[in-house]
**Student:** 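One structure coming up, written as structure tokens, with questions to follow.
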Amino acid sequence: RLADALGAQVADLPDALARASEVLVAAVAGSGDPDVARRVRGEVLRQLDEDVVSAAPLLETFSGHPATDVEPVERRVPEQERQALTAWFAQALGGPVELARATVLSGGHSRRMLVLDVAGPQGREAFVVRIEQGGTFGTDGTLEAEAMQALGRAGVAVAPVRWIERDPAPLGQPFFVMDLVTGGSAVDDAVLETFLHALHAVHAVDPQALAGSLGPPPSPEQAVQAQVERWWGVYRGSVPVPVPLLDEAAAWLRLHLRPTGPVCVVHGDPGPGNFLHDHGTITALTDWEFVHHGDAAEDWAYFATIRSRKLRSADEWYAAIERAVGVRNDDRTWRAWEAFNQFKGACANLTALRLFVDGTATTPNLLAIGTAVHARFLRRLADLVAEQGA
């Protein structure tokens with residue numbers, strides 16, 4: 001079917017996909033045969049729609065990241081891992097310890113998370129252990145932990161990071177340990193209003209404060225383009241063949257995505273489920289795996305169109321953001337940043353497919369993320385690129 005759309009002989013499916021990518025990228029640049037580009041785009045969209053339907057049953061196995069204060073099921077840490085943690089904490093705390101509680105925390109997919117009550121030389125303490133999972137979503141837990149430490153020093157409400165273990169030997173993967181912060185995840189309008197101010201405060205942090213973990217802050221233009229290239233590289237490193245609609249989107253973003261202000265610290269995944277609060281006070285912003293130097297519009301668009309889309313429409317959120325913190329962009333700018341976030345999600349989700357295929361982590365959630373969830377991000381992205389115009 002792709003060969004027919006291309007009007008050319010192809011060696012195999014990878015060859016057809018590579019040629020389709022070339023045609024779509026050329027069309028974004030205004031070169032090539034527009035009729036061939038329309039045929040190719042129509043065909044890859046039809047194939048994507050078939051994938052959406054085929055993968056839809058996997059969504060029934062997918063547990064997202066709900067903002068809830070109730071753990072659905074208490075899952076105990078396996079005994080062998082429990083013993084390894086006991087030995088590690090004995091060394092870290094300088095004396096014998098006992099794990100009074102060791103459970104697996106639900107929610108989140110980039111890291112495996114454990115909640116521990118440790119009785120040690122300083123008494124009983126509660127910790128969260130955040131364990132790497134083979135680079136899920138193209139992120140690095142060590143960088144995340146270092147950034148959290150810097151954010152804490154800058155006055156941002158984050159869980160204090162106590163230790164960073166770079167050696168994979170104790171648990172099979174690097175990990176870091178932070179204090180367990182009290183607070184709930186369930187949200188209402190008042191809590192979300194408070195969160196908007198907290199996120200705005202993150203964007204006000206001096207980017208130089210995170211230079212030790214994120215590197216020196218680039219220019220606004222460099223920061224935007226670096227993120228496009230970052231996620232394009234993550235996608236290309238995760239699958240053996242091109243995804244034409246992702247290559248088209250990357251080309252479109254390189255031409256049309258623009259900064260809306262100075263470089264700032266970007267959370268990357270802000271919203272319900274990724275912060276804790278106690279009686280309306282934010283006790284911790286969590287899940288910093290996507291933290292980077294970038295543009296504040298990325299966070300606002302992600303919050304409005306992905307993380308909080310089930311609560312209000314994007315336009316309602318953009319109006320609420322303007323009322324709360326004074327941030328305003330025109331519709332075309334918001335759409336471009338939504339397109340970037342859909343691109344980021346579609347690329348990052350392919351790492352879950354790689355980990356599943358490689359056998360690094362074979363949970364149903366990862367398979368669903370790498371297929372069904374990826375396809376839905378990609379479909380929305382393709383629509384946004386078409387709406388905005390090449």
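Nothing here was measured: the structure is a model prediction, and the numbers come from that model.
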**Student:** Centroid-to-centroid, F127 to F89, below 6.0 Å?
**Tutor:** yes
**Student:** For the hydrophobic clusters of this structure (ILVMFWY residues joined by side-chain heavy atoms under 4.5 Å, transitively), does one cluster hold both F290 and V266?
**Tutor:**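 Different hydrophobic clusters.
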**Student:** Could you state whether L311 and L276 fall into the same hydrophobic cluster, counting links through intermediate Ile, Leu, Val, Met, Phe, Trp or Tyr residues with side-chain heavy atoms under 4.5 angstrom apart?
**Tutor:**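 No, because L311 and L276 fall into different hydrophobic clusters, even though each may have its own neighbours under 4.5 Å.
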**Student:** Given the rule that I, L, V, M, F, W and Y join up when any side-chain heavy atoms are under 4.5 Å apart, are V385 and L255 in one cluster?
**Tutor:**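 Both belong to a single hydrophobic cluster.
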**Student:** Of W317, W300, F275, which is the lone residue that meets ring pair (Phe, Tyr, Trp, His ring centres under 6.0 Å) with F195?
**Tutor:**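 Testing each of W317, W300, F275 against F195, the sole residue satisfying ring pair (Phe, Tyr, Trp, His ring centres under 6.0 Å) is F275.
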**Student:** More than 12 foreign heavy atoms under 6.0 Å from CD of E79: is that the case here?
**Tutor:** yes
**Student:** Considering non-hydrogen atoms only, spot the tightest contact between L378 and A346 and give its length.
**Tutor:** N-CB, 4.1 Å
**Student:** Using the ring of each side chain (for Trp, its six-membered ring), is F343 parallel, tilted or perpendicular to F340, with breaks at 30° and 60°?
**Tutor:**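 Tilted, since the angle between the ring planes falls between 30° and 60°.
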**Student:** Hey, can you tell me if W88 and F175 have their rings parallel, tilted or perpendicular (30° and 60° cut-offs)?
**Tutor:** perpendicular
**Student:** Using salt bridge (Lys or Arg N to Asp or Glu O under 4.0 Å) as the criterion, point out the one residue from R380, K344, R309 that pairs with E338.
**Tutor:**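 Exactly one pass, corresponding to R380.
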**Student:** If you count the non-hydrogen atoms of other residues, nucleotides and ligands that lie under 6.0 Å from CZ in R258, is the total more than 12?
**Tutor:** yes
**Student:** If hydrophobic clusters are built from ILVMFWY residues whose side chains come within less than 4.5 Å, do V25 and L381 share one?
**Tutor:**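 As far as the 4.5 Å side-chain criterion goes, L381 and V25 are not connected within one cluster.
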**Student:** More than 12 heavy atoms of other residues, nucleotides or ligands under 6.0 Å from CD of Q80: is that the case?
**Tutor:** no
**Student:** Which heavy-atom pair separates Q225 from R254 by the least distance, and what is that distance?
**Tutor:** NE2-O, 3.4 Å
**Student:** Is the backbone of D287 close enough, under 3.5 Å, to the side chain of N274 for a donor and an acceptor to pair up by distance?
**Tutor:**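 Here the side-chain-to-backbone pair does not exist.
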**Student:** Return the minimal non-hydrogen interatomic distance between R130 and S110, and the atom names on each side.
**Tutor:** NH2-OG, 3.6 Å
**Student:** Side-chain heavy atoms under 4.5 angstrom apart, residues restricted to Ile, Leu, Val, Met, Phe, Trp, Tyr: same cluster for Y235 and V28?
**Tutor:**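 The answer is yes; both residues are in one hydrophobic cluster.
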**Student:** In sequence, state the C-alpha distance, the side-chain angles, and the governing distance for D179 and R162, and then conclude on side-chain contact (heavy atoms from CB on, under 4.5 Å).
**Tutor:** CA-CA 7 Å; D179 292 344; R162 296 279 290 271; 2.8 Å; yes
**Student:** What is the minimum heavy-atom distance between S238 and L350, and which atoms define it?
**Tutor:** CB-O, 3.6 Å
**Student:** Go through the steps for L59 and R376 under the test side-chain contact (heavy atoms from CB on, under 4.5 Å), then give the verdict.
**Tutor:** CA-CA 11 Å; L59 290 175; R376 294 195 173 207; 3.2 Å; yes
